[in-house]
Amino acid sequence: QLQLVESGGGLVQPGGSLRLSCAASGFTLDYYAIGWFRQAPGKAREGVSCIGTSGGSTDYADSVKGRFTISRDNAKNTVYLQMNSLKPEDTAVYYCGAELGGWGLIPDDYDYWGQGTQVTVSS
């Protein structure tokens, strides 16, 4: 049984911070690139950030550069997304995905998905 579980979402004010976690069970993330994606109401799922298997390679969408940081702790089988200076346009359901054999910000390339966690940025 392969499972990814996101946590850490919630309601925050503009300018606030959240840290999202993606924990794997049933398999190890060592050989998988991990991506964070988000989907707002009426919009397609879009790439936010991704990280390679060792953590040395990362990429970010232009809209979150300088505000979000992705990291991974393979010993804990967990990937994180630190989100700072949050804006209302960051409001979405955030998903983590695991990709075997590559990495990037294209949702269709990912093999496994979590159930998502809601992030709402509002005054």
[X] side-chain N/O to [Y] backbone N/O, donor-acceptor pair under 3.5 Å:
{"X": "R19", "Y": "G9", "answer": "no"}
{"X": "T78", "Y": "K76", "answer": "yes"}
{"X": "N74", "Y": "T53", "answer": "yes"}
{"X": "E6", "Y": "Q115", "answer": "yes"}
{"X": "R38", "Y": "A92", "answer": "no"}
{"X": "N77", "Y": "L29", "answer": "yes"}
{"X": "E99", "Y": "A33", "answer": "no"}

TODO: Could I get the full list of salt bridge (charged side-chain N to carboxylate O under 4.0 Å, His left out) partners for D62, not counting sequence neighbours?
DONE: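 Salt bridge (charged side-chain N to carboxylate O under 4.0 Å, His left out) check on D62 returns K65.
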
Grab the two heavy atoms, one from [X] and one from [Y], that are nearest each other, plus how far apart they are.
{"X": "C50", "Y": "W103", "answer": "SG-CE3, 3.0 Å"}
{"X": "Y32", "Y": "A98", "answer": "CD2-CB, 3.9 Å"}
{"X": "R72", "Y": "V79", "answer": "CB-CG2, 3.7 Å"}
{"X": "C22", "Y": "L4", "answer": "SG-CD2, 4.0 Å"}
{"X": "V93", "Y": "Q118", "answer": "CG2-OE1, 3.2 Å"}

Got a second to check how far [X]'s [atom1] is from [Y]'s [atom2], nearest 0.5 Å?
{"X": "T58", "Y": "I34", "atom1": "OG1", "atom2": "CD1", "value": "14.0 Å"}
{"X": "C96", "Y": "L20", "atom1": "SG", "atom2": "CG", "value": "9.5 Å"}
{"X": "I106", "Y": "D108", "atom1": "CD1", "atom2": "CG", "value": "8.0 Å"}
{"X": "D73", "Y": "Y80", "atom1": "CG", "atom2": "OH", "value": "5.5 Å"}
{"X": "L18", "Y": "M83", "atom1": "CG", "atom2": "CE", "value": "4.5 Å"}

TODO: Report, as yes or no, whether the 6.0 Å neighbourhood of atom CD on Q13 holds more than 12 heavy atoms from other residues, nucleotides or ligands.
DONE: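 At most 12 heavy atoms, drawn from other residues, nucleotides or ligands, come within 6.0 Å of this atom.
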
Open item on the list: Looking at L100, I want to see if its CG is surrounded by more than 12 non-hydrogen atoms of other residues, nucleotides or ligands under 6.0 Å.
Closed with: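 Enclosed: over 12 neighbouring heavy atoms sit under 6.0 Å from CG of L100.
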
Open item on the list: For the aromatic rings, using the six-membered ring if either is Trp, is the centroid distance between W36 and F68 under 6.0 Å?
Closed with: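 Not under 6.0 Å, so no.
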
Task: By side chain to side chain donor-acceptor pair (under 3.5 Å) - contacts of D59 (at least two apart) - done: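 Once residues adjacent in sequence are excluded, D59 has no partner under the side chain to side chain donor-acceptor pair (under 3.5 Å) criterion.
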
Open item on the list: Do S49 and L81 make a side-chain contact, defined as non-hydrogen atoms from C-beta onward lying under 4.5 Å apart?
Closed with: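 Of all side-chain heavy-atom pairs linking L81 with S49, at least one is under 4.5 Å.
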
TODO: Find out whether the Lys NZ or Arg CZ of R45 is both under 6.0 angstrom from the six-membered ring centre of Y95 and within 45° of the ring's axis.
DONE: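 The answer is yes, since R45 meets both limits relative to Y95.
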
- [ ] Indicate the ring-plane relationship of F27 and Y112, choosing parallel, tilted or perpendicular according to the 30° and 60° boundaries.
- [x]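 F27 and Y112: tilted rings.
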
TODO: Could you tell me which residues satisfy side chain to side chain contact (heavy atoms under 4.5 Å, CB included) with V121, sequence neighbours excluded, listed by chain and number?
DONE: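 If we apply the side chain to side chain contact (heavy atoms under 4.5 Å, CB included) test to V121, skipping adjacent residues, the hits are V12, P14, L86, P88, D90, T91, V119.
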
TODO: Quick one: do V48 and Y94 satisfy side chain to side chain contact (heavy atoms under 4.5 Å, CB included)? Show the steps, please.
DONE: CA-CA 9 Å; V48 175; Y94 283 71; 4.3 Å; yes

